[in-house]
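Read the numbers this way: they start at 1 and go in the same order the structure lists the ligands and their atoms. Numbers here are sequence positions counted from 1.
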Amino acid sequence: MLYEHVIRPALFCLDAERAHGLTMSMMSAAQALGFGRLFMKSIPEDPVEVMGLKFPNRLGLAAGLDKNGEAVDAFGALGFGFIETGTVTPSAQPGNPKPRLFRLVSEQSIINRMGFNNHGAENLVKNVTGRRYKGILGINIGRNNTTPLEKAGDDYAACLRTVYDSADYVTVNVSCPNTPGLVKLQDAGSLKPLLTKILTERDTLAAEKGRKVPVAVKISPDLQKDALLAAADVIAECGADAVIATNTTTSRDSVSGNPLSSENGGLSGAALRDKSTEAIRILNGHLQKKIPIIGVGGVFSGADAKEKIEAGASLVEIFSSLIYRGPGVVKKILRELK
Ligand SMILES: Cc1cc2nc3c(=O)[nH]c(=O)nc-3n(C[C@H](O)[C@H](O)[C@H](O)COP(=O)(O)O)c2cc1C
């Protein structure tokens, strides 16, 4: 109520990225003041084991909101069973020129072309070290804009090494439409050598450190069915531990009436819901539980989360609903899921 009638109207008066910056500052301040700790015991317990990890519950924060891992305790205090930080790249980078974030309010959707703005993998490790959050921490990694596509594997391997000790799981992001060429890495011919390199590095680190960190691969909803199935085969055969479906879409079919639909970037929120659920359904039919699926895209309610789970997801993540519905949406979805 407070969020929908007071806080959201105030935030939505601001440019989308300023509102996002303000929200992140408030979350970081809440964390610094120790408010997160007060609610820490309130992570609702509905445990589930996925990728060999015990998740307190099935609902997580999707990548891109806490890109630098600055407010894990504060987001954790909202009740999330897991939090995916990042995307981080080996070196810090500013991302694309502003404006690069747009709200399509009547469609409860967002278009972004942030372009992996982040402070670098080492900075994220500093931020999350010493966290009090007791849920699962994912770290999502990507390639720097300036790294040629054929050297992408070096960036992912470097990030993996940097974040390895801090992560419960790591996500390989090959599906962001805002980093030139990135989505081409999903073509089976590129994906196989890339994942082989990353997972060989993971196995080396696991042997060195005596702890195997699961690796998930996040894919785009824009892959045609054949390409999606080919990517799924490569992901499973290379030994990745999960697939995350999906990232944002470049399609504008579901928002074509909105003047902001002509903005370049990835679309998320309610307008992505059916497309991401369909990708999960296709993956589930094909993978036959070989590896788990983490579902994301347009989840605003327990019913939406259930739909993703019925389509084949073992875990569910949210981003846009937190912007439109506020922090209370986390516990609401969890209550409705039980
Ligand atoms: C502003 C913004 C930034 C995002 N940044 C990232 C990112 O850095 N890495 C990533 O894997 N996904 C990123 N995403 C995609 C989300 O993680 C998620 O896959 C997508 O928004 C669909 O979920 P939703 O409909 O609940 O928002 C971003 C999404 C938004 C709206």
Inset, instruction - Quick one: look at T246 and ligand 1, take heavy-atom pairs under 4.0 Å, and tell me if it's side chain, backbone, both or neither. - result: backbone
Inset, instruction - Going by the side chain to side chain contact (heavy atoms under 4.5 Å, CB included) test, name the single residue among V316, I309, V50 that passes it with R58. - result: I309
Inset, instruction - Run the salt-bridge test on D46 and K338 with the 4.0 Å N-O cut-off and return the result as yes or no. - result: no
Inset, instruction - Spell out, as yes or no, whether a donor-acceptor pair under 3.5 Å connects the side chain of Q186 to the backbone of V183. - result: yes
Legend entry - NZ/NE/NH1/NH2 to OD/OE distance under 4.0 Å, D253 and K275: no
Legend entry - S175 side chain to K218 backbone, donor-acceptor under 3.5 Å: yes
Legend entry - For atom 12 (N) of ligand 1, closest protein heavy-atom neighbour: K218 NZ, 3.0 Å
Inset, instruction - Look only at interatomic distance and state if N140 has a nitrogen or oxygen under 3.5 Å from any nitrogen or oxygen of ligand 1. - result: yes
Inset, instruction - Specify the protein heavy atom at minimum distance from atom 26 (O) of ligand 1: its residue, its atom name, and the distance to 0.1 Å. - result: F319 N, 3.0 Å
Legend entry - Residue-ligand contact G269/ligand 1, heavy atom below 4.0 Å: yes
Legend entry - Distance from atom 22 (C) of ligand 1 to nearest protein heavy atom, with residue and atom: L272 CD2, 3.5 Å
Legend entry - Selected option - heavy-atom contact closest to atom 20 (C) of ligand 1, from S268, G60, G115: S268
Legend entry - Side chain, backbone, both or neither: the part of E84 lying under 4.0 Å from ligand 1 by heavy atom: neither
Legend entry - Protein heavy atom at shortest distance from atom 15 (C) of ligand 1: N247 OD1, 3.5 Å
Inset, instruction - Run the numbers for me: atoms of ligand 1, each under 4.0 Å from some heavy atom of N173, listed by number. - result: 9 (N), 10 (C), 11 (O)
Inset, instruction - Look only at the side chain of N144 and the backbone of T146, and say whether a donor-acceptor pair between them is shorter than 3.5 Å. - result: no
Inset, instruction - May I ask you to list the atoms of ligand 1 that are less than 4.0 angstrom from any heavy atom of L101? - result: 1 (C)
Legend entry - Between F55 and F80, ring centroids under 6.0 Å: no
Legend entry - Presence of salt bridge, D165 and R211, under 4.0 angstrom: no
Inset, instruction - Report yes or no: does a heavy atom of G297 sit under 4.0 Å from some atom of ligand 1? - result: yes
Inset, instruction - Name the closest protein heavy atom to atom 23 (O) of ligand 1, giving the residue it belongs to and the distance to 0.1 Å. - result: V296 CG2, 3.3 Å
Inset, instruction - Evaluate the criterion side chain to side chain donor-acceptor pair (under 3.5 Å) for residue pair E4 and Y324; output intermediate values, then yes/no. - result: CA-CA 8 Å; E4 269 179 43; Y324 281 101; over 6 Å; no
Legend entry - Polar atom proximity, G298 to ligand 1 (N or O, under 3.5 Å): yes
Legend entry - Minimum-distance protein heavy atom relative to atom 4 (C) of ligand 1: G64 CA, 3.7 Å
Inset, instruction - Among all protein heavy atoms, pick out the one at the shortest distance from atom 9 (N) of ligand 1; state its residue, atom name and that distance to 0.1 Å. - result: T87 OG1, 2.7 Å
Inset, instruction - Scan side-chain atoms only and decide if D274 and T277 contain a donor-acceptor pair under the 3.5 Å cut-off. - result: no
Legend entry - Those atoms of ligand 1 less than 4.0 Å from some heavy atom in S320: 24 (P), 25 (O), 26 (O), 27 (O)
Legend entry - Check: I318 main-chain N/O paired with S321 side-chain donor or acceptor under 3.5 Å: no
Inset, instruction - Distance to 0.1 Å, residue and atom name: give those for the protein heavy atom nearest to atom 16 (C) of ligand 1. - result: A63 O, 3.5 Å
